[in-house]
Structures are given as C-alpha cells and as structure tokens.
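Chain letters run A, B, ... following the sequence lines, proteins first, then strands; residues in each count from 1. Keep in mind that this is a model prediction, so the values were computed, not measured.
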Amino acid sequence: MAVYVLVHGAWHTGDLLEPVAAPIRAAGHEVHLPTIAGNLPGGSKDVGLDAAIGSIVDYLDEHDLRDVVLLGHSYGGMVITGVADRVPERLRRLVYWNAFVPNDGECLNDMVPPHYVALFDGVSQASADNTVMLPFPIWREAFINDADLARAEETFAMLNPHPYATFTDAISLSKNPAEMEIGKSYVLCVEDTALPHSMPWHPRLSEKLGLFRLVTTGGSHEACFTDPEGLADAILRAGRD
Amino acid sequence: MAVYVLVHGAWHTGDLLEPVAAPIRAAGHEVHLPTIAGNLPGGSKDVGLDAAIGSIVDYLDEHDLRDVVLLGHSYGGMVITGVADRVPERLRRLVYWNAFVPNDGECLNDMVPPHYVALFDGVSQASADNTVMLPFPIWREAFINDADLARAEETFAMLNPHPYATFTDAISLSKNPAEMEIGKSYVLCVEDTALPHSMPWHPRLSEKLGLFRLVTTGGSHEACFTDPEGLADAILRAGRD
Amino acid sequence: MAVYVLVHGAWHTGDLLEPVAAPIRAAGHEVHLPTIAGNLPGGSKDVGLDAAIGSIVDYLDEHDLRDVVLLGHSYGGMVITGVADRVPERLRRLVYWNAFVPNDGECLNDMVPPHYVALFDGVSQASADNTVMLPFPIWREAFINDADLARAEETFAMLNPHPYATFTDAISLSKNPAEMEIGKSYVLCVEDTALPHSMPWHPRLSEKLGLFRLVTTGGSHEACFTDPEGLADAILRAGRD
C-alpha cells in the first residue's frame, strides 16, 4: 500500500480528482486530494506561488504523511517541485502528469507560448483580483478535446478563477529537479494539446527531470474528466516502486 | 444530425471513402462523397487547384448544403481550405485528416520534402497529360504500411492519375486558416508516414490552423482502406459540435 | 512461411527473445535466435563490431538460410546493417526494432547522448575486460519503464556484461542503408525512452533507411519482456512481404 497525494492543476480543486482517486483507492492505496491555496472555494485569491507550495507542505505536515507518491497536474508540477525541495523526507516519488517542470528561478509563464502569456496578461488585468480564467473555446478545443460538448460545458462550470501571481512568480529551489535524488515519473496523455505540440510537455519539460520513468496513456489535458480509469491506471504504473 | 462532406485525397475518388461514410451514416448523419474535378473517372485531367476547389463549391451549391462538417484528406486539405474561404456561410467546421493546410500563396509542393517534388516532377514530365502516379513501393511502404500486400495491391489498382497542376498551383485565399472563424479539427493517424516524421503533418501543418481540436487514431495515411471504422469514430469526435 | 532471424540487443542473448519467437512460430514461421559473439554465456568478451557482425553472418552460412527476414534490436541494428552489407543475397527484408541505424564510418556511440557515452566510458574503464553494464536505476526507469519492480529485477539478472568495443568501433559498409535495395521496416515501441525523446529512435535514426515501413506498438525498450505478444504482432506486420 502506498500513500498518493494528487495535486490538481490551475482552475481546479482537489475534489475534482475524486474519479481518478477512486480506482487508486480500489487498488488498495490511500489517496489524498488537497486543494492548493488560491483555489479553495470561497478562499482568498491573493496567493502567490510560495504560499501555494506552502499550503501543500502544510497539508503533508498536518497529516504527517510519509513515503508519499506526490503527483502534480499541469500547474501542480510547479507546486510539487517546490514541495519536494522543502520536505523531501516525506516523499517517495514525484509523478508529473502533463505538468510543468521548473528549474530554480523559472515561472510557469516561462514555459508557455507567448500567445498564452499575452492572453493571461489581458484577462488578469481585466479582472478585479488579478485572476485568470480560460476562454471557453480554448477549454473546449485545446484542453478537453476528447469530450463531447455537454461534458466540456459541465466541467467548465466547475472551474474557479486562478490567482495569476502563481503563473508569474519565479520558483525558488535549492536544487533543480534533475539533481533531486527522489524517483520521478512523467505521465503523458498523448492527445493533450493544452501546450502546442511544437512546444510540448514531453520531452521538452519532462527531460528537465534527468532520469525519469515515462508512462503514456490516451486522452487530453483533462483526462481526469474524460478517462479517469485510464489515467488512474497510468498513475499506478508511474507510482509503483 | 449533421451533414458531413468528405473530400478525398490525390489519386482517390469520393466513392473510395464509402467504408468510412457507412459508420458515420449509421450514427445518424448525412454523408456526401463528392469527387474533386480532375479525379472523376473518364474526366479531364486538365484541372488546376482553382477548378478543383470550384468543383466542391459547386457541389455544395447544387445540393444547397448548410451547416456542413467539411473534411479533407491529404491533398483534400488544400481543397477544403479554398472552399472555406469562398463559401464560409455553408460550413460549421473544417476537419483536416492527415491533410495539407495552406496559407495564402502556398502550393502543396511547398509542404512536401524535396525528394517527393523531384519524383513528381519527373513522373509528370514523363506523362502525356501532366499527371502523377505514386510508384507502388512508396504506396506500399509509406502510404499503406498497415495493410498486407494483397490489400496494398488491390487498393493501388483503385487509384487514378492525379493532375499535377493541383500540386504546383498556389492557393489564393482572402485570409489564412488561423484567421478563419470557423471551428477546426485535425484528425491524425499516428502511423502515417506519407510525410516523413521529420517533416510531419502534426504539429508542423496542423498548427497553421490556430486554435484547433486534435483527435488521434491508429493507422496509416490510408486508414480509409485499413481501418475505416476507427477512422470514422475519430472523424465523429473531430466533427461533433 | 518465412524465415525470421531475430538479433538481440546489447547485454542480451538470443534465448531471451524466445517469448517473442513463440507467437511468430505459432503463426507458421521459422524463427532463429542466434546469440551475437561477445554475449555468449561463458564466451570471450574480447569482441569488436566486426567479429560481432561476422558471428551472425556465420550463423546464416552454417544454417544456409535464404530469404531471411532479419531483425535487429537496439545494438542489434548495428549488427544487421553489417550483415546486410556482407550477405544481401541471403535476406528478404531488414526489420529494425528500436534499433541503431549506422551509416558507413559511424559507431553506436555516435548516436547516443553524451551522458551515456560518459557513463559507458567510466564503467568500461572500471571493468577488468572493457565491458559495460547498465546501472539498475537506468534499466528500471528508462529501459523497462513498463514493468513492475519484480519483473525489472528479474530481467536485469538475466543480462550479461557487454563488450564495449562494439559500441566504439566504426562500422565499415560498402553502401549506406538508404542505398541498400532490400526492403526495410522500423518497429517502434512508443514508450521506449532508452534513447531520450529529444534524440529519438524515430525519425532521427529510422529515416536513415530511406524508404521504409513504420509499424508502431506499445511498450518500452524491453517489450520483449513486458509485451512479447504485442511485439511479435508488430514484427509480423513489419516483416510480411
């Protein structure tokens, strides 16, 4: 039995990963689904990357979790990298699922195409609280391309505005992921076009991990909504030993 | 129910796509399989890209089709791009299936490797009517690599000489595909090596669409002959909403 | 019925491919599993690339094999390329399975990332007999990423030290693979990260074959241990006609 902690991506909350957690629990593991500070329902949006990382460190401390398989999705890759730098003694393996992999001093926006940065800049400036939302057409076509329209709309309604500072804050790490001694895996959903394939998740970002275990599966960036069982199976292959 | 118009590739005719159309019809949709001018059995081979595009525009006009999901395969991507520029009001979505995506002023030959252009130049000059055929070894190895030899031979016999001017004529567009406001999808058969993977269909050509929906499936460039059901399923996912 | 000769990769022996051979035999074919000089149990490790190639040429001669489908895995690609140059009259088709494809004058190390060359240099110098072994973490994460830990350990114990000269000797060919007139196929296991995907097997090495038939399947570099049936099926599609 292992302890899995699944860290969601931008705009999501932990409980949205429940359909992914269920098959992992059914396989005999303990699964935690914390929500990162800045994405809590009703919580403050005045949250930067440091506080976001801190909220997951606090979660591990409060529950005194050990030997954790720590997974991050998308933006969650920024968060788990920071957590691994702060409390490596609590972790057994890092699993990046179509996730950002930062080196020291990088921010999420450093790894996305310029047209996304321009979009996010505009949307955040138009917001009252420096938050960003995805326009629905991008969600539907590039994030959840494997869903039908009804599922795309239904899941879009579950998202919450994301604190933009977490995309623009540079991460501070004592060592880069490639130098971290913990085991690392990368789960790649092969139809994911949330990042364009000319600037892909893998191998562009995955290889920043140094030695890592690749596991591929079908599905889009939002396979948590469209193929939670297939995704859970890939996570189990990524997280074993 | 939607109206699908499937536009074949070079050397093909519309009726060769009937095995792909059948499952789409079975799912409740109307499917049309026009043959592009220049590929009609017994028809003239003295056809350029403008006339090829015009023949599909005429087909849509004559049948007064509206709200069309317009798919193009390979060379058919040149044709549907031109159709979308001329009669956008008839279309709901463009679906490129391992297809060329031209910007204004480009010809098909601008997007293929030099050794193919050299081959086509030689074959067309040796023909009596400026047409090109594929040598069988290229068909068998690079186009229909997922078939057995009998199926490769049987389907090769169904092809017709292709008017070469449609490969060398530059397309004239009032706007490039990325600026077209219509929805766009790209269906990628992942074993397709008709274009070498160092000069691939996706993302090299697909990303010229701007925002688009990627759908992947198995099979070669000629999945219409080797996996029509799998291809039809991918087309339905690409074409819905 | 065809004659298949499957040539293993570095650290392996022919008999380790028996689970792959079984389904090919069941499909009605004759399958041979020679072990390359330098990898024979109890045999000399003082073997260079020329002798390695020679040992497979000798095997074909001794058994007077004709019309052979000759497959090479990984390092085995070096070997079958040399065999094809020496005894083309015995062969019907070359099948590269996640294998190196050398041009005249190249050695295996010319096609791997610098960090692997540095690793191999160090390991071989520390050995008594200029052999290399893979560190277990690299085997587990990058070579057999699709196995569980028990299977990774069990198969690691089956490997034998590899004569390093076969990685550093330049191959001598009268013509490069692209100019060889024989049919060629490339079987790609898509989860294979033995070579990093920023320096991939396909299309970087496969396209050195000139015209070739691509067949893809799931699995890691060691699909012979983790999915022998799926691999055998891909080999049959690659080797037919």
May I have a list of the donor-acceptor pairs under 3.5 Å that connect chain B with chain A?
| unit_1 | atom_1 | unit_2 | atom_2 | d |
| --- | --- | --- | --- | --- |
| B:Arg93 | NH1 | A:Glu141 | OE2 | 3.2 |
| B:Arg93 | NH2 | A:Glu141 | OE2 | 2.5 |
| B:His202 | NE2 | A:His197 | ND1 | 2.7 |
| B:Glu207 | OE1 | A:Ser198 | OG | 2.5 |
| B:Glu207 | OE2 | A:His197 | N | 3.0 |
| B:Glu207 | OE2 | A:Ser198 | N | 3.1 |
| B:Glu207 | OE2 | A:Ser198 | OG | 3.4 |
| B:Arg213 | NE | A:Glu141 | OE1 | 2.7 |
| B:Arg213 | NH2 | A:Glu141 | OE1 | 3.2 |
| B:Leu214 | O | A:Asn145 | ND2 | 2.9 |
| B:Thr216 | N | A:Glu191 | OE2 | 2.5 |
| B:Thr216 | OG1 | A:Glu191 | OE2 | 3.1 |
| B:Arg240 | NE | A:Ala147 | O | 3.4 |
| B:Arg240 | NH2 | A:Asp146 | O | 3.1 |
| B:Arg240 | NH2 | A:Ala147 | O | 3.0 |
| B:Asp241 | OD1 | A:Arg140 | NE | 3.3 |
| B:Asp241 | OD1 | A:Arg140 | NH2 | 2.8 |
| B:Asp241 | OD2 | A:Arg140 | NE | 2.6 |

Discussion item. Counting only non-hydrogen atoms closer than 4.5 Å, does A:Ala147 touch chain B with its backbone (N, CA, C, O), its side chain (CB onward), both, or neither?
Written reply: backbone
Worksheet entry | Part of B:Leu211 within contact of chain A (heavy atom distance under 4.5 Å) | side chain
Discussion item. Can you tell me which portion of A:Pro137 sits under 4.5 Å from chain B's heavy atoms? Options are side chain, backbone, both or neither.
Written reply: both
